[in-house]
Amino acid sequence: MPGYDEDKEQVLKRLRRIEGQVRGLHRMVEEDTYCIDVLTQVSAATKALQSVALQLLDDHLAHCVADAARQGGEVADAKVKEASEAIARLVRS
């Protein structure tokens, strides 16, 4: 079971809202909207996606990594490494 299972509906709701933002961006470009206005909306969509990513990461740490840490050993090491790699990907993006 994924760590976000309890928050699944909230995550899906936020993703639907972001999907709407991206559709709005598409429409703005089609309508030749002023580039700064489009960039402002790109920034908003990016921040919204980052917010979802942080929530998923928090859930992963609180559930999956914490469960693995209780097991200890190689399982814990693998989950911590996996989480560290995910954080590195988020920081680079």
Side-chain angles (χ1 to χ4, degrees):
M1 177 178 335
Y4 59 83
D5 190 57
E6 293 178 13
D7 299 323
K8 186 175 182 176
E9 286 307 313
Q10 179 187 7
V11 170
L12 289 171
K13 181 179 177 181
R14 293 173 80 182
L15 288 171
R16 283 189 294 272
R17 191 175 314 127
I18 294 166
E19 183 180 9
Q21 285 179 291
V22 173
R23 280 194 306 272
L25 281 164
H26 187 269
R27 188 171 45 257
M28 290 174 81
V29 171
E30 283 182 335
E31 296 172 356
D32 298 323
T33 302
Y34 184 59
C35 52
I36 295 301
D37 294 337
V38 176
L39 288 170
T40 299
Q41 292 307 311
V42 167
S43 178
T46 300
K47 288 186 186 309
L49 278 171
Q50 288 172 338
S51 178
V52 170
L54 289 174
Q55 179 182 355
L56 292 172
L57 179 61
D58 185 55
D59 289 343
H60 181 67
L61 292 172
H63 296 96
C64 303
V65 175
D67 288 343
R70 282 189 281 278
Q71 293 178 35
E74 290 181 17
V75 171
D77 293 343
K79 283 293 181 190
V80 169
K81 183 175 189 279
E82 179 184 63
S84 293
E85 290 170 353
I87 292 167
R89 284 191 302 274
L90 287 172
V91 170
R92 281 193 299 267
S93 60

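Along the sequence shown, the residues carry numbers beginning at 1. Atom set for the values below is all heavy atoms of this structure, side chains included, hydrogens, waters and symmetry mates excluded.
Within 6.0 Å of CD in Q10 there are more than 12 heavy atoms belonging to other residues, nucleotides or ligands. No more than 12 heavy atoms of other residues, nucleotides or ligands sit less than 6.0 Å from atom CD of E74.
Heavy-atom minimum distance, A76 versus A69: CB-CA, 3.9 Å.
V91 and V52 are assigned to two separate hydrophobic clusters, defined by single-linkage of ILVMFWY side chains at heavy-atom distances under 4.5 Å. Both V29 and L25 belong to a single network of hydrophobic side chains, linked directly or stepwise wherever heavy atoms of I, L, V, M, F, W or Y lie under 4.5 Å apart. L90 and L61 fall within a single hydrophobic cluster, where Ile, Leu, Val, Met, Phe, Trp and Tyr side chains are chained together by heavy-atom contacts under 4.5 Å.
Between E19 and R23 a salt bridge is recorded (basic side-chain N to carboxylate O distance below 4.0 Å).
Contact check for V11 versus L15: side-chain heavy atoms found under the 4.5 Å cut-off. Using a 4.5 Å cut-off on side-chain heavy atoms (C-beta onward), Q21 and I18 make contact. Taking 4.5 Å as the limit, every side-chain heavy atom of Q71 sits out of range of all side-chain heavy atoms of K79.
Side-chain atoms of S51 do not come within 3.5 Å of backbone N or O of K47 as any donor-acceptor pair.
Shown here are the side chain to side chain donor-acceptor pair (under 3.5 Å) partners of D7, two or more places apart in sequence or in another chain: there are none.
Between the CZ atom in R17 and the CG atom in L12 there is a gap of 12.0 Å [rounded to 0.5 Å].
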Should K81 and E85 be marked as a salt bridge (charged side-chain N to carboxylate O under 4.0 Å, His left out) after you check the CA-CA gap, both sets of side-chain angles, and the distance that decides it?
-> CA-CA 6 Å; K81 183 175 189 279; E85 290 170 353; 2.7 Å; yes

Side-chain polar contacts of residues 34-44 - donor-acceptor pairs under 3.5 angstrom, sequence neighbours left out - could you list them?
{"unit_1": "T40", "atom_1": "OG1", "unit_2": "I36", "atom_2": "O", "d": "2.9"}

